[in-house]
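Sharing a structure, written as structure tokens. Questions coming.
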Protein chains: 2
Amino acid sequence: MLRLSKLTDYAVVVLVRLDTGLEVQTSPGIAASIGIPEPTVAKVLKSLSSAGLVTSQRGARGGYRLARVLEDIPVGEVIAAMDGPIALAACVDGSVTECESRSLCPVRGRWDPVNDAIQSALSGISLADMREAAIPAVFRVPHSAVLEPSDVSR
Amino acid sequence: MLRLSKLTDYAVVVLVRLDTGLEVQTSPGIAASIGIPEPTVAKVLKSLSSAGLVTSQRGARGGYRLARVLEDIPVGEVIAAMDGPIALAACVDGSVTECESRSLCPVRGRWDPVNDAIQSALSGISLADMREAAIPAVFRVPHSAVLEPSDVSR
DNA sequence: CCAATCAGGACTGCGATGGTCCGGTTATGA
DNA sequence: TCATAACCGGACCATCGCAGTCCTGATTGG
């Protein structure tokens, strides 16, 4: 079903969450505000950082900040940052070389047009678009709130 | 990396292979001609059959036949037949109900525009398009050939 | 100097996937 | 009528990647 990794899903949440007026936000703080365990959020942020989607500030009072505004971040780039380059492929087994029996693998290159189509589709949707698509406004809180032990209404 | 299941890849190969003038082709025959183990090919064909992409004829001299011409089979349909409905999703964990803490999951519905975009991208590419994209003509043999124990040139 | 924070790994458990096999059913043809 | 060829629909198991956690540095501010 074209599974999307959970981490990628988190990444979108984190990035949208980072889109506030605040200067920097710490990994634990973000984790608390969106209700995802801190180590996991940290992992996501590290990936996003090395992909250049967020900038980091080390040391005390450090944290993360969006490298660009959400409008300029296509969702494809987030997926690429988390799941590696976007490519529907099967031949990509273990060997970096090529399919063991290349002559028997008449698939090589066959998925290219499909990949291109998906690539361009994903380039046309920004995180800002995804932010709008969220359901209620429960999420668009400025900073605190959320993270109630009691289940919020519905 | 948006992994595509290997079975889906095989499915495309099998379907393209099925596009000959022959009436029906048997599962063992197809397996031999494309160099994929027979049980696996059988599995693929079963899925394709129940998805309505191929029709089957039981009994001796039975086999499989394309339900439509390749031009009328969008690749998205093949993926759906093998991997289930196309949907980038993460919330789809175990529970069929909904995310355990729906209030804390501000992602629900967020990926919808992305899914739609991918869906339409995949609808626009037919298997006939993918057949053209294959590399050499090694594959476009009429029936026999291929399946040499010795490695074919390169 | 100490505390807070990011960086970059290693490590582990679970689940999905790839692949195989088996008993049953249907149809052909001798 | 019977043997055979083929599909049907499961169950079954090993492997691999992913989610999630943790630990040890490096860096910065107070």
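Side chains are part of it too, since the values below use all heavy atoms of this structure and drop only hydrogens, waters and symmetry mates. Numbers restart at 1 for each chain; the letters A, B, ... are given by sequence-line order, proteins then strands. A quick note: this is a predicted structure, and the numbers were derived from the prediction, not measured.
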- Item | Sugar-phosphate, base or nothing in reach of A/L45, heavy atoms under 4.0 Å |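 No contact.
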- Phosphate contact (D/dC8 OP1 or OP2) by B/S56 side-chain N/O below 4.0 Å: yes
- Query: Does the side chain of B/Q25 pick up a donor-acceptor pair with the side chain of B/S33 at under 3.5 Å?
  - Reply: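 Their side chains do not contain a donor-acceptor pair, so the 3.5 Å distance test is not met.
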- Message: Side chain of B/P39 only, heavy atoms from C-beta on: which candidate in D/dG20, C/dC6, C/dC21 is closest?
- Response: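 Between D/dG20, C/dC6, C/dC21, the one nearest the side chain of B/P39 would be C/dC21.
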- Task: Can you tell me the distance, in whole Å, between the OH atom of B/Y10 and the P atom of C/dT17?
- Result: 15 Å
- Query: CG of A/L4 versus P of D/dC18: gap in Å, rounded?
  - Reply: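 One finds 12 Å between P of D/dC18 and CG of A/L4, rounded.
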- Message: One character per nucleotide, please: for nucleotides 25-30 of chain D, 5' to 3', B when the base has a protein heavy atom closer than 4.0 Å, S when only the sugar-phosphate does, - otherwise.
- Response: BBBBSS
- To the nearest Å, how far apart are A/D9 CG and D/dA19 P? 10 Å
- Item | Interatomic distance where OH belongs to A/Y64 and P belongs to C/dA4 [whole Å] | 17 Å
- Which of A/V54, A/D19, A/L127 passes side chain to side chain contact (heavy atoms under 4.5 Å, CB included) with A/I73? Answer is A/L127
- A/S49 side chain to A/L45 backbone, donor-acceptor under 3.5 Å: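 Checking the backbone N and O of A/L45 against the side chain of A/S49, no donor-acceptor pair under 3.5 Å is found.
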- Message: Nearest heavy atom decides the nucleotide; on that basis, is A/T40 or B/S49 closer to the 5' end of DNA chain D?
- Response: B/S49
- Query: For the side chain of A/K46 and the base of C/dG8, is some donor closer than 3.5 Å to an acceptor across the two?
  - Reply: yes
- Item | Check: B/D129 side chain, B/S126 main-chain N or O, donor-acceptor pair, under 3.5 Å | yes
- Quickly work out the A/E38 CD to D/dC23 P distance and round it to whole Å. 13 Å
- Query: D/dC12 P sits how many Å from B/K43 NZ, rounded?
  - Reply: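 Interatomic distance, NZ of B/K43 to P of D/dC12: 14 Å.
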- When you match A/G62 and A/S50 each to their closest nucleotide on DNA chain C, which lands nearer the 5' end? A/G62
- Message: To the nearest 0.5 Å, what is the distance between CD1 on B/I36 and CD1 on B/I30?
- Response: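 Separation between the atoms: 10.0 Å.
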- Distance-only donor-acceptor check, side chains A/S5 and A/T8, under 3.5 Å: yes
- Task: Measure from NZ on B/K6 to C1' on C/dA16 and round the result to the nearest Å.
- Result: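 So the NZ-C1' distance, B/K6 to C/dA16, works out to 14 Å.
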- Item | 4.5 Å side-chain heavy-atom contact, A/Y64 and A/V24 |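 No, every pair of side-chain atoms sits at 4.5 Å or beyond.
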- Gap between atoms CG and C1', on B/L48 and D/dC7 respectively (whole Å):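 The answer, rounded to whole Å, is 14 Å.
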- Query: How is B/S27 classified with respect to the nucleic acid when contacts are heavy atoms under 4.0 Å: base, sugar-phosphate, or nothing?
  - Reply: sugar-phosphate
- Task: Return no unless some side-chain N or O of B/T26 is found under 4.0 Å from OP1 or OP2 of D/dA5.
- Result: no
